[in-house]
Amino acid sequence: MTVATVLLLLSDLLLPVVNNHILSVLPAKLINGGIAGLIGVSCVFPIDLAKTRLQNQQNGSRLYTSMSDCLIKTIRSEGYFGMYRGSAVNLTLVTPEKAIKLAANDFFRQYLSKDGQKLTLVKEMLAGCGAGTCQVIVTTPMEMLKIQLQDAGRIEAQRKLMPETVVPGTAPTKSPTAMQLTRELLKEKGIAGLYKGLGATLLRDVPFSIIYFPLFANLNDLGKRGAEGPAPFYVSFLAGCLAGSTAAVAVNPVDVIKTRIQSMNRGSTEETYSGVTDCISKIMKNEGPSAFLKGAYCRALVIAPLFGIAQVVYFFGVGEYILSFLPGN
């Protein structure tokens, strides 16, 4: 199934059921998602960079031993701002990505509920599934570009510190920008170049949302003041952190697979992968099952505050407050 086919199927499924209510609340969702994403990414991006580099290094080319070792070596070799390689892509696309995820979950929850009744666990999981499926439209190209930029420093560090892992005769190359990568991918492979690893992204984001949204909703309900009252903001924050970190660790094996498949640059001793099944078999054969947990604690540290902040922003209705100043609201 091609990328275009997947996108067309998503639009055919969603457009007939989008109603005026969803369209009316979408601007606020975009603002809330954008603010939460920008704050979260700014705080935790260095940890995300360490996660990507730890996941990408293979046996025989292990440059980093831990998250802290990765960050220290990154600062020494690339300077402080080296920890923020690829952050511009995330900061640009995180607004639509988070808005789509959170707005789609709200929409599907409303669509599946009957007369305002509490959703069953199965319906909560279905709503999360729908949200995860929708978000890959933005997530896949964002991750594709971000991973190349994040991992470029690892390849250059290997060239200096582990020359045996570099293909003989190759000259150092200047790290490309996001725009250069985008133009190169579109020129060589068309839109499919930006959507490399779409299947692996779906396998990660759909289960993540299936776990995260029901878990958050039920944890948040535990802290409600009375039967109908909302939970305090700190409960929403803690529920978002706990649900986010739990879901992140649960799907980390697929995140490793997605990262490996989307990475374009490799050392001479590193494997290349033709797809999800090929990646799984080669990792199992060469590195063992423990390789699927690479970067798991980094990913938990990234996702926990990201979703905790997102839920607090939604709790306070920041987007709705900003829009209230517009004429006619």
Side-chain angles (χ1 to χ4, degrees), residues 37-91 94 139 142-143 145-162 165 175 200 204-205 208 212 238 240-263 265-267 270 279 283 286-310:
L38 291 172
I39 295 172
V41 168
S42 300
C43 294
V44 301
F45 193 84
I47 303 174
D48 187 65
L49 178 136
K51 180 217 64 139
T52 297
R53 294 187 176 183
L54 288 169
Q55 287 181 340
N56 257 336
Q57 63 179 7
Q58 301 176 23
N59 288 352
S61 60
R62 289 176 59 85
L63 180 63
Y64 311 112
T65 58
S66 65
M67 179 184 74
S68 58
D69 180 59
C70 178
L71 293 176
I72 290 169
K73 287 178 178 175
T74 298
I75 293 172
R76 285 176 178 171
S77 61
E78 303 167 54
Y80 175 79
F81 291 105
M83 295 190 297
Y84 286 88
R85 278 179 181 258
S87 60
V89 174
N90 252 36
L91 291 171
V94 74
T139 304
M142 179 180 76
E143 293 271 314
L145 295 173
K146 183 196 72 170
I147 285 171
Q148 314 318 314
L149 297 169
Q150 286 182 326
D151 207 40
R154 180 183 69 91
I155 300 299
E156 287 306 307
Q158 280 186 352
R159 185 182 295 278
K160 296 174 184 176
L161 303 175
M162 303 175 68
T165 66
S175 298
R204 181 196 68 173
D205 289 348
F208 177 93
Y212 171 78
L238 292 173
C241 289
L242 183 56
S245 58
T246 301
V249 173
V251 303
N252 193 76
V254 190
D255 190 54
V256 173
I257 295 165
K258 182 199 71 67
T259 300
R260 296 280 182 96
I261 290 173
Q262 288 187 319
S263 296
N265 298 317
R266 303 189 185 282
E270 294 180 337
C279 184
I283 290 175
N286 300 325
E287 303 172 63
S290 62
F292 291 109
L293 293 178
K294 283 184 176 181
Y297 63 97
C298 294
R299 184 163 162 75
L301 289 174
V302 168
I303 297 297
L306 197 61
F307 279 86
I309 291 168

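None of these values were measured; they are calculated from a predicted model.
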Practice task
Mind listing the closest non-hydrogen atom pair of Ser263 and Ile147 along with its distance?
Solution key: OG-CG2, 3.4 Å
Exercise for the section: Please work out which of the three classes, parallel, tilted or perpendicular, describes the rings of Tyr212 and Phe208, given edges at 30° and 60°. Expected result: parallel
Practice task
Please examine the side chains of Cys241 and Phe307, heavy atoms only from C-beta on, and report whether any two atoms are closer than 4.5 Å.
Solution key: no
Problem - Contact summary for Phe45 and Lys146, nearest pair of heavy atoms - result: CE1-CD, 4.1 Å
Exercise for the section: Kindly give the heavy-atom pair with the smallest separation between Leu38 and Val94, and that separation in Å. Expected result: N-CG1, 4.0 Å
Problem - pair Phe292-Ile257: side-chain heavy atoms closer than 4.5 Å - result: yes
Exercise for the section: Find out whether Met67 and Ile47 are in side-chain contact, i.e. whether some heavy atom of one side chain is under 4.5 Å from a heavy atom of the other. Expected result: yes
Handout entry: Derivation and outcome, side chain to side chain contact (heavy atoms under 4.5 Å, CB included), residues Tyr84 and Glu78
Key = CA-CA 10 Å; Tyr84 286 88; Glu78 303 167 54; over 6 Å; no
Problem - By salt bridge (charged side-chain N to carboxylate O under 4.0 Å, His left out) - contacts of Asp205 (at least two apart) - result: none
Handout entry: Note, Leu242 side chain near Thr246 side chain (heavy atom, < 4.5 Å)
Key = yes
Handout entry: Worked verdict on Leu149 versus Ser87 for side chain to side chain contact (heavy atoms under 4.5 Å, CB included)
Key = CA-CA 9 Å; Leu149 297 169; Ser87 60; over 6 Å; no
Completion exercise
Residue pairs meeting side-chain hydrogen bond (donor to acceptor under 3.5 Å, both in side chains), one or both in residues 287-308, sequence neighbours left out, come to Arg260-Glu287, Glu287-Lys294
Handout entry: Asn56 versus Gln150, side-chain donor and acceptor atoms under 3.5 Å
Key = no
Exercise for the section: Determine whether Gln57 and Tyr64 make a side-chain contact, defined as any pair of heavy atoms from C-beta on separated by less than 4.5 Å. Expected result: yes
Handout entry: Partner residues of Thr74 under the side-chain hydrogen bond (donor to acceptor under 3.5 Å, both in side chains) criterion, sequence neighbours left out
Key = Arg53
Practice task
Taking the side chain as every heavy atom from C-beta outward, state whether Ile303 and Ser245 have any atom pair closer than 4.5 Å.
Solution key: no
Exercise for the section: Hey, could you give me the CD/CD distance between Glu143 and Gln148, rounded to the nearest 0.5 Å? Expected result: 11.0 Å
Completion exercise
Closest non-hydrogen contact found for Ala296 with Asn252 is CA-OD1, 3.4 Å
Problem - Val44 side chain near Leu301 side chain, heavy-atom distance below 4.5 Å - result: no
Fill in the blank from the handout: For Asp255, the side-chain hydrogen bond (donor to acceptor under 3.5 Å, both in side chains) test, sequence neighbours excluded, returns Lys51, Gln55, Arg204
Completion exercise
Note: Ala300 and Pro305 closest approach over all heavy atoms is O-CD, 4.4 Å
Practice task
Not counting sequence neighbours, which residues clear side-chain hydrogen bond (donor to acceptor under 3.5 Å, both in side chains) with Ser66? List them please.
Solution key: Ser68
Exercise for the section: Just jot down the side-chain hydrogen bond (donor to acceptor under 3.5 Å, both in side chains) partners of Gln262, sequence neighbours excluded, or say none. Expected result: Lys258
Fill in the blank from the handout: Closest non-hydrogen contact found for Leu63 with Asp69 is O-OD2, 3.8 Å
Handout entry: Non-hydrogen side-chain atoms of Cys298 and Asp48 separated by less than 4.5 Å
Key = no
